[in-house]
Every structure is written in C-alpha cells, then in structure tokens.
Amino acid sequence: MVQLYDLSPSPKCLRYGSYSTRFGKILIASINEGICFCSLQEEQAEEQLRQEFPKSIFRQEKTDWHQLAIQYLESQSSEQITLPVFVNASSFQLRVWQLLLSIEMGQCATYKEIAERLGVPGASRAVGSAIGKNPVALFIPCHRVVQTGGGLGGFRWGLEHKKRLLAQEALWRHALDNN
DNA sequence: TCAGTGATCCGCG
DNA sequence: CGCGGATCACTGA
C-alpha cells in the first residue's frame, strides 16, 4: 500500500531515473525518505520535475526507493509492499488523494462521487483541480476518475495515457477475476 | 481580500 | 449536441 506523508519544506536534492514497467516508461524521483514524483511523459518528464520542485537540485541516479516503487507497480498483490510517498498538499488535496488510494485496479469513480464521499457534494469541480495536481502518477491512481456522463475527463500526464491505462487495467482485472 | 480559473455537473433549447 | 449557471478550492495580485 501507498502511505502518504507531508513533504515540507521543499527538498534540497532529488534523485531520479527512468524505468520501463508494465505501465510503460516512467520517471520516478525520490528523496531520502521515499518517492515524491512520477511522470508518464518521458519527453517532458524532466521539465515537469523542475517545475514541481523549482528550488531543488537534481541528480540522475537510481535509488532503492525507485526499486521498491517498481516492485510495487509490478506486483499483483501490492498490499504487501508499503511504499512511502511524500507530497506537498493542502488539506483538501490530501483528503482527495487519500480517497483515490482506495480505488482498486480496474475500478473507476467519478469526480462527483469523490466529492460526495468527502461530504462536499457540490465540489466536483474542485475535486477535478485537486486531482489534476497529483504529483505521483500511478501511485495515486488519478487515472481512475472519470466524468459522470461517461467522458474521460482530463489527465495531467496526457489523455492518451489515461485511455491506455484504463483499458489495460480493465483487461488485467478481468484476468484476475478468472482465477 | 477578491476576481479569475479549472481534469465538473445539470438543465434547457 | 452547445450553452449558461451553480459551485468550491486554489492562486496571484
């Protein structure tokens, strides 16, 4: 499972690396205590990293936290792995992201449902912007949230990736259910 | 403070 | 469909 921790003040030094996973090529960045960033867009990933942490310096270097994160992604039953993830969040964002962690693979929720579950039924739009700022793609599964009408909604890491991930996860879930 | 901006939703024509 | 109004957290000035 993913454990969320508060990331502040902003970290001095980040280590990052690119990896191939069953979800495609990704970039993961970590601090000493855990991971803090994950992008699906290899071309823009480094620039996104810089934008997310404007005051930090970066070293291209693989770490044990990266390895654990990869294990987490590749394992079928990721419940047995505890992965610390550090985020800078407002209290509202934290509540939203925490809720996303409970959506299982192959499942979907809508922006509206999330808002209702938080007890703020009118806040579906605010939920959308909160989800849009998720700094760790895949680990906080923001791709599993779609529009009420059946539309995809948006995706910070490229709409094509969202479409692909949802299709893949639906297949995997189907395979799992047959066992 | 406050106006503007969203990865929204709903109703209306 | 397309449009406007409702709605709410966040941001920048």
Side-chain angles (χ1 to χ4, degrees), chain A residues 1-11 14 16 18 21-29 31 35-56 69 72-73 78 83 85-173:
Chain A
M1 58 183 297
V2 165
Q3 281 279 1
L4 294 185
Y5 296 97
D6 180 51
L7 174 62
S8 57
S10 87
L14 299 187
Y16 70 96
S18 317
T21 73
R22 60 174 177 160
F23 295 98
K25 278 194 167 183
I26 64 176
L27 177 145
I28 303 179
I31 55 176
I35 75 164
C36 59
F37 185 80
C38 176
S39 170
L40 295 169
Q41 297 175 298
E42 8 173 6
E43 279 131 41
Q44 308 156 57
E46 292 192 25
E47 190 188 332
Q48 290 168 339
L49 188 58
R50 252 171 257 285
Q51 273 194 336
E52 190 81 17
F53 303 100
K55 284 175 282 189
S56 306
Y72 174 85
L73 289 183
S78 45
L83 180 70
V85 173
F86 286 77
V87 291
N88 227 330
S90 69
S91 63
F92 181 76
Q93 285 166 347
L94 198 59
R95 282 182 4 177
V96 173
W97 296 345
Q98 195 72 53
L99 203 43
L100 296 195
L101 293 179
S102 66
I103 308 178
E104 291 178 23
M105 185 177 78
Q107 309 275 73
C108 276
T110 64
Y111 298 102
K112 188 184 175 184
E113 284 167 9
I114 304 281
E116 283 167 352
R117 281 217 255 165
L118 286 175
V120 202
S124 45
R125 193 152 192 184
V127 166
S129 5
I131 295 179
K133 283 168 194 141
N134 168 29
V136 276
L138 302 178
F139 297 98
I140 297 175
C142 59
H143 56 280
R144 298 180 189 147
V145 185
V146 296
Q147 290 178 161
T148 298
L152 264 192
F155 197 49
R156 173 180 180 183
W157 315 102
L159 207 49
E160 291 310 304
H161 286 301
K162 183 172 187 176
K163 208 184 296 181
R164 173 177 61 81
L165 289 172
L166 286 174
Q168 280 185 15
E169 291 195 346
L171 282 181
W172 292 337
R173 158 61 80 149

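Keep in mind it's a predicted model, so treat the numbers as computed, not measured. Below, chain A is the first sequence line, B the second, and so on; all start at residue 1.
- Partners of A:R95 according to the side chain to side chain contact (heavy atoms under 4.5 Å, CB included) rule, which considers only residues two or more places apart in sequence or in another chain, are A:F92, A:L118, A:V120.
- Remark: A:Y16 engages no residue in a ring-ring contact (aromatic ring centres under 6.0 Å, His included) (not counting sequence neighbours).
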Any chance you could lay out the side chain to side chain contact (heavy atoms under 4.5 Å, CB included) test for A:V87 and A:D6, step after step, and finish with the verdict?
CA-CA 5 Å; A:V87 291; A:D6 180 51; over 6 Å; no
List the atom pairs, with distances to 0.1 Å, where a side-chain N or O of residues 132-142 of chain A and a protein N or O form a donor-acceptor pair under 3.5 Å, not counting sequence neighbours.
residue	atom	partner	partner atom	Å
A:N134	OD1	A:V136	N	3.0
A:N134	ND2	A:V136	O	3.4
A:N134	ND2	A:I140	O	2.9

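- Rounded to whole Å, the distance from CD on A:E113 to C1' on B:dC9 is 13 Å.
- Residues of residues 142-157 of chain A that place a heavy atom closer than 4.0 Å to DNA chain C do not occur.
- Note on residues 148-168 of chain A: pairs passing salt bridge (charged side-chain N to carboxylate O under 4.0 Å, His left out), not counting sequence neighbours, are A:E52-A:R156, A:E160-A:K163.
- DNA chain B forms stems at B:1-6 with C:8-13, B:8-13 with C:1-6, each a run of 3 or more consecutive Watson-Crick or G-U wobble pairs whose two key distances fall under 3.5 Å.
- Across all their heavy atoms, A:N88 and A:S8 have their closest contact at OD1-CB, 4.4 Å.
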Protein N or O to nucleotides 1-4 of chain C N or O, pairs below 3.5 Å:
none

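- Across the protein-nucleic acid pair, A:I131 atom CD1 and B:dG6 atom P stand 17 Å apart, rounded to whole Å.
- Pairs engaging residues 139-149 of chain A under the salt bridge (charged side-chain N to carboxylate O under 4.0 Å, His left out) rule: A:R144-A:E169 [sequence neighbours left out].
- Rounded to whole angstrom, the span from the CD atom of A:E160 across to the C1' atom of B:dA7 amounts to 15 Å.
- Here the straight-line distance linking atom NE2 of A:H143 with atom CG of A:L165 works out to 5.0 Å at 0.5 Å rounding.
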Which side-chain N or O atoms in residues 35-42 of chain A pair as donor and acceptor under 3.5 Å with protein atoms at least two apart or in another chain?
residue	atom	partner	partner atom	Å
A:S39	OG	A:Q41	N	3.0
A:S39	OG	A:Q48	OE1	2.6
A:Q41	OE1	A:Q48	NE2	2.6

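- Interface residues of residues 40-50 of chain A facing DNA chain B, ordered by number: none; criterion, heavy-atom separation under 4.0 Å.
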With sugar-phosphate taken as primed atoms, P, OP1 and OP2 and all else as base, the protein-contact string of nucleotides 7-13 of chain C at under 4.0 Å (heavy atoms; B, S, -) is SBSS---
Which atom pairs, donor and acceptor, lie under 3.5 Å between side-chain atoms of residues 99-110 of chain A and protein residues at least two apart or in another chain?
residue	atom	partner	partner atom	Å
A:S102	OG	A:L99	O	2.7
A:E104	OE1	A:R173	NH2	2.9
A:T110	OG1	A:E113	N	3.0

Evaluate side chain to side chain contact (heavy atoms under 4.5 Å, CB included) for A:Y111 paired with A:Q147, printing each intermediate quantity in order.
CA-CA 6 Å; A:Y111 298 102; A:Q147 290 178 161; 4.1 Å; yes
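- The nearest pair of heavy atoms linking A:A115 to A:S124 is CB-N, 3.7 Å.
- Closest of all the heavy-atom pairs between A:L4 and A:W97 is CD1-CB, 4.1 Å.
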Determine whether A:L166 and A:F155 satisfy the following criterion, side chain to side chain contact (heavy atoms under 4.5 Å, CB included), listing intermediate values before the conclusion.
CA-CA 12 Å; A:L166 286 174; A:F155 197 49; over 6 Å; no
Side chain to side chain contact (heavy atoms under 4.5 Å, CB included) between A:V127 and A:V145, intermediate numbers included:
CA-CA 10 Å; A:V127 166; A:V145 185; 5.6 Å; no
